[in-house]
Colleague: 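Attaching a single structure in C-alpha cells format; questions to follow.
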Amino acid sequence: KIVLFLRKLFNRYHSFLFSHGYTDGSKWRFLEHKGPVFAPPYEPLPGNVKFYYDGKPMKLSALAEEVATFFAKMLDHEYTTKDIFRKNFFKDWRKEMTSEEKSKITDLNKCNFSEMNEYFKAQSEARKQMSKEEKQKIKEENERLLQEYGFCIMDNHKERIGNFRIEPPGLFRGRGDHPKMGMLKRRIRPEDIIINCSKDSKHPKPPPGTKWKEVRHDNKVTWLASWTENIQGSIKYIMLNPSSRIKGEKDWQKYETARRLKKCVDRIRNQYRDDWKSKEMRIRQRAVALYFIDKLALRAGNEKEEGETADTVGCCSLRVEHIKLYPKMDDQEYVVEFDFLGKDSIRYYNKIPVEKRVFKNLQLFLENKQPEDDLFDRLNTSILNKHLQELMDGLTAKVFRTYNASITLQQQLKELTCPDDSIPAKILSYNRANRAVAILCNHQRAPPKTFEKSMQNLQTKIDEKQNQLSAARKQLKAAKADHKASHDEKSKKAVEVKRKAVQRIEEQLMKLQVQATDREENKQIALGTSKLNYLDPRISVAWCKKYGIPIEKIYNKTQREKFAWAIDMAEKDYEF
DNA sequence: CAAGCGACTTGTAAACAAATGG
DNA sequence: CCATTTGTTTACAAGTCGCTTG
C-alpha cells in the first residue's frame, strides 16, 4: 500500500520534482478526450403561451421566439430595466426576425413577454416540485454525461475537465456599465469549434451530420477545445479542472515565483524609492506606480479599448480623476485618496498617507492635466513588466499581489493564533488572517440580502444557549448540594453527568459566539478569491499541522482537490 | 512601439445541493 | 416532512501578460 502510494505521488508530482515539466515548452505528450457537450436545441413554446405586441397576440418565428425567451426569462432582473441592455437586445433581436416581424415589431416598449415569463417561472416551480424519483433520474443522467465527457486522458492521468459544456446562447450580461450588455450571445455549433488533442489519440466525433471547424494537435497549449465568442471576438476555451496536474503545477510555480520575490523584495523596494528621485519622468512614474502596486496590492491596469468594455482601471491606467491629494488631513500628512472602479467594476476606495517624495511626485504628475488624462502618462503595463523582468526573472506586476497576500497570511497567522485556544477559536483566527488579505486585495462583496436576519437568528440561538447554560449550571449546583448531603455513589454520578452537560453547553455557546463574530466581521468581505488564488496553500497546510486542525476545517472537498499538491508536500515548519 | 491576438488566471453572481429548524 | 438557510459548484465575464505584426 505504501509503495503504491509513493508511486502515485511520484507519478503525480514527477515534474514538480524534476525540472518544470517539459523543457521544450510542450505541455503534454498525449491528450485524448470526447469533445464538448453542446447546449440542448431550442424547444419552441407551447401554443398557449403567447407573446403580445401592442396588446395583440403574435406568433413568432422559431428564431425570433428563442431570442425573445432569453429576455422573457430575465424580466425580474434589473438588467431588463437598463436602457443600454434594452437597446442592445432589441437591435440584436431584430436581426433574428423575419422581415415581416421586423416591420411589425418596432418598439420594445410595446412588447409584452409576461406570459412567457410566467411560463418559465411555472416550469422552474414544477422542476422543484418533481418527485424524488424524477430528480434522481436527472441526477443520474448528469452523472452519465459527466463520466462520458467530463474527463480526459492527459499523459498518463485521467483528469477532470473544468468546463466541458459549451456555453448556451443567451443575452450577454456584462458587469458594471458595460456598453454591450443585452447583446445576443449566439449559439455555438460544431463548425465553430477547434478541437485540440494528440495525433495518436482517438479524436472526438462531432455530432452526426456536423463537422468541427478544425482538429489540431498543438501540445504547446493546455486547452482541449476553443471557439470565438461573438460579443468581444475573444476566444473561449475548454480546459482542465484546477485539480489537474497541469493546473496544479502552474499554481505551484506561481507561489515559487512569489517566494523568490520575497528574497529580493528589499532590494526592489530600495530601488524604487531611489527612482522617486530620478531626473527622468518615466522612471519616476514607474517607481511611484510600483510603490502603489506593492503597498496597496493594486492590479497592473492594462489599457482597454473604449466602448468595448466597462470603464474600469488598474494602477497603470489610473486617471487624474481617480486620486485626490491632501497635504494635510486630520492628523496625517500627505494623504492620497483613491476612488476608482477596478476589475468587475468593484469600487476601490482608500485613503492612505504616503511618503513626502511620493506625494510631491504625484503633484508633479498632475500638473497641467485634465481629470480624464492618465495619471501615469509615460507608463503602461508593458513598460512596467519589462522593468520588473530585469529586476527578477519571472517578475511581473501580479506577483506582488501574490507575494503580499501570502506573506500577510503567514504573518497574521503567527500574530493571531493562540496555541491554547479551542479549535473554533483558532479557526476564527485563521479567518481573520484570511480577512486581512481579502481587505488588502479589495475583495469586497455586497452584504448578503438576508444578512441582518441571519445575524438575528444566530443571536436568538445564542440567547437560548445562554439560558440553557444557566439552567444546566443550576442543576449542577443542585446535584452538588445533593451529593454533599447524601455522599452516595448515585449522587456522585449525577454530579459528574451535570458537570459534563455544563461543559458541553459552554462549548456549544462558545462555538456560536465565535460564529457570530466571524459572520459579523465578514459582512462585506469575500474570502474565497484570495483563498483560491493568492494564498500559498502550504502556509495553511502547515498551520493546520502545527496546531492539529483537521484540514477539512479550512478547505472543503473541491479546495482539497485543488491543493492536493500542497497537502501532500507541506510540513508543519513550512515557511513561505 | 502600438495594436491586436492568444492563452491563461482571477473574479463575482447565480444555480444547485446539503443542512437545519419549525 | 417541508421550507428556509447555508455551503458548494458552476458559469462565464474580466482581468494579466507574452507574443506577433506592421
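Keep in mind the model is a prediction, meaning the values are calculated, not measured. In the text below, chain A, chain B and the rest are named by the order of the sequence lines, each starting its count at 1.
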Colleague: Heavy atoms only, 4.0 Å cut-off, all strands: where does A:A526 land among base, sugar-phosphate and nothing?
Modeller: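 The answer is nothing, as A:A526 stays clear of every strand by at least 4.0 Å.
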Colleague: Describe the nucleic acid contact of A:E308 in one word from base, sugar-phosphate, nothing, applying a heavy-atom distance below 4.0 Å.
Modeller: nothing
Colleague: Can you check whether any acceptor in the base of B:dT9 is under 3.5 Å from a donor in the side chain of A:K254, or vice versa?
Modeller: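 Flag unset: no donor-acceptor pair detected.
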Colleague: OP1 or OP2 of C:dG15 sitting under 4.0 Å from any side-chain N/O of A:K304?
Modeller: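 Checking C:dG15 against A:K304, a side-chain N or O does come within under 4.0 Å of OP1 or OP2.
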Colleague: Could you check which of B:dC8, C:dT16, C:dA11 has an atom nearest any side-chain atom of A:K247?
Modeller: B:dC8
Colleague: At under 4.0 Å, does any side-chain N or O of A:N163 touch on OP1 or OP2 of C:dA11?
Modeller: no
Colleague: Return whichever of A:R160 or A:G174 has its heavy-atom-nearest nucleotide of DNA chain C closer to the 5' end.
Modeller: A:R160
Colleague: Can a side chain N or O of A:K128 be found less than 4.0 Å away from OP1 or OP2 on B:dC16?
Modeller: no
Colleague: Return whichever of A:K557 or A:H178 has its heavy-atom-nearest nucleotide of DNA chain C closer to the 5' end.
Modeller: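 With A:K557 and A:H178 compared, the 5'-side residue is A:K557.
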Colleague: Just to be sure I understand the rule, does A:T396 reach a base, reach only the sugar-phosphate, or reach nothing, if contact means heavy atoms closer than 4.0 Å?
Modeller: sugar-phosphate
Colleague: Does a salt bridge link A:D536 with A:K262, judged by any charged N lying under 4.0 Å from a carboxylate O?
Modeller: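 Answer for the salt bridge query: no.
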Colleague: Using a 4.0 Å heavy-atom cut-off across all strands, classify A:T381 as base, sugar-phosphate, or nothing.
Modeller: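 Nothing, no heavy atom under 4.0 Å.
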Colleague: Between A:G528 and A:I246, just flag the one whose closest nucleotide in DNA chain B comes earlier from the 5' side.
Modeller: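 Nearer the 5' end of the strand: A:I246.
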Colleague: By the 4.0 Å heavy-atom rule, please label A:K135 as base, sugar-phosphate, or nothing.
Modeller: nothing
Colleague: Could you tell me whether A:R299 contacts a base, only the sugar-phosphate backbone, or nothing, with contacts defined as non-hydrogen atoms closer than 4.0 Å?
Modeller: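 Sugar-phosphate contact only - A:R299 comes under 4.0 Å of backbone atoms but never of a base.
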Colleague: Side chain of A:K236 only, heavy atoms from C-beta on: which candidate in B:dG11, C:dC12, C:dA14 is closest?
Modeller: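 Among the listed nucleotides, the one closest to the side chain of A:K236 is C:dC12.
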Colleague: Remember a base hit wins even if backbone is also touched, and classify A:G301 as base, sugar-phosphate or nothing at under 4.0 Å, heavy atoms.
Modeller: sugar-phosphate
Colleague: If you check every side-chain atom of A:K139, which of B:dA18, B:dA7, B:dG11 has the closest atom?
Modeller: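 Output: B:dA18.
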Colleague: With sugar-phosphate meaning primed atoms plus P, OP1 and OP2, does A:N302 contact a base, only sugar-phosphate, or nothing at under 4.0 Å between heavy atoms?
Modeller: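 A:N302: base contact, heavy atoms under 4.0 Å.
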Colleague: Remember a base hit wins even if backbone is also touched, and classify A:K343 as base, sugar-phosphate or nothing at under 4.0 Å, heavy atoms.
Modeller: base
Colleague: For A:F172, report the nucleic acid contact type (base, sugar-phosphate, nothing); a contact means any heavy atom under 4.0 Å.
Modeller: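 Touches sugar-phosphate only.
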Colleague: Indicate, with a heavy-atom threshold strictly under 4.0 Å, whether A:R401 touches base, sugar-phosphate, or nothing.
Modeller: sugar-phosphate
Colleague: Working to the nearest 0.5 angstrom, can you tell me the gap between A:D92 CG and A:M183 CE?
Modeller: 5.0 Å
Colleague: Take A:E140 and A:K137 through the test salt bridge (Lys or Arg N to Asp or Glu O under 4.0 Å) and record every step on the way to the result.
Modeller: CA-CA 5 Å; A:E140 275 164 22; A:K137 218 173 156 191; over 6 Å; no
Colleague: Taking A:R160 first and then A:E561, would you say they form a salt bridge - that is, a charged N and a carboxylate O separated by under 4.0 Å?
Modeller: no
Colleague: On DNA chain B, nearest-nucleotide positions of A:Y534 versus A:T228: which is more 5'?
Modeller: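 The answer here is A:T228.
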Colleague: Regarding A:R144 and A:E148, does a basic nitrogen lie under 4.0 Å from an acidic carboxylate oxygen?
Modeller: yes
Colleague: Which part of the nucleic acid, if any, lies within reach of A:K180 when heavy atoms closer than 4.0 Å are counted: base, sugar-phosphate only, or nothing?
Modeller: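 A:K180: no heavy atom of the nucleic acid under 4.0 Å.
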Colleague: Report which part of the nucleic acid A:T312 touches: base, sugar-phosphate, or nothing (heavy-atom distance under 4.0 Å, all strands).
Modeller: sugar-phosphate
Colleague: Check this for me: does any side-chain nitrogen of one of A:D83 and A:R86 sit under 4.0 Å from a carboxylate oxygen of the other?
Modeller: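 Looking at A:D83 and A:R86, the cut-off is not met.
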Colleague: For the side chain of A:R175, counting heavy atoms from C-beta on, which of B:dC8, C:dA13, B:dT10 is nearest?
Modeller: C:dA13
Colleague: Checking all strands, does A:P168 fall into the base, sugar-phosphate, or nothing category for heavy-atom contacts under 4.0 angstrom?
Modeller: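 Sugar-phosphate contact only - A:P168 comes under 4.0 Å of backbone atoms but never of a base.
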Colleague: Please determine if a side-chain N or O atom of A:H77 lies less than 4.0 Å away from the OP1 or OP2 oxygen of B:dA13.
Modeller: no
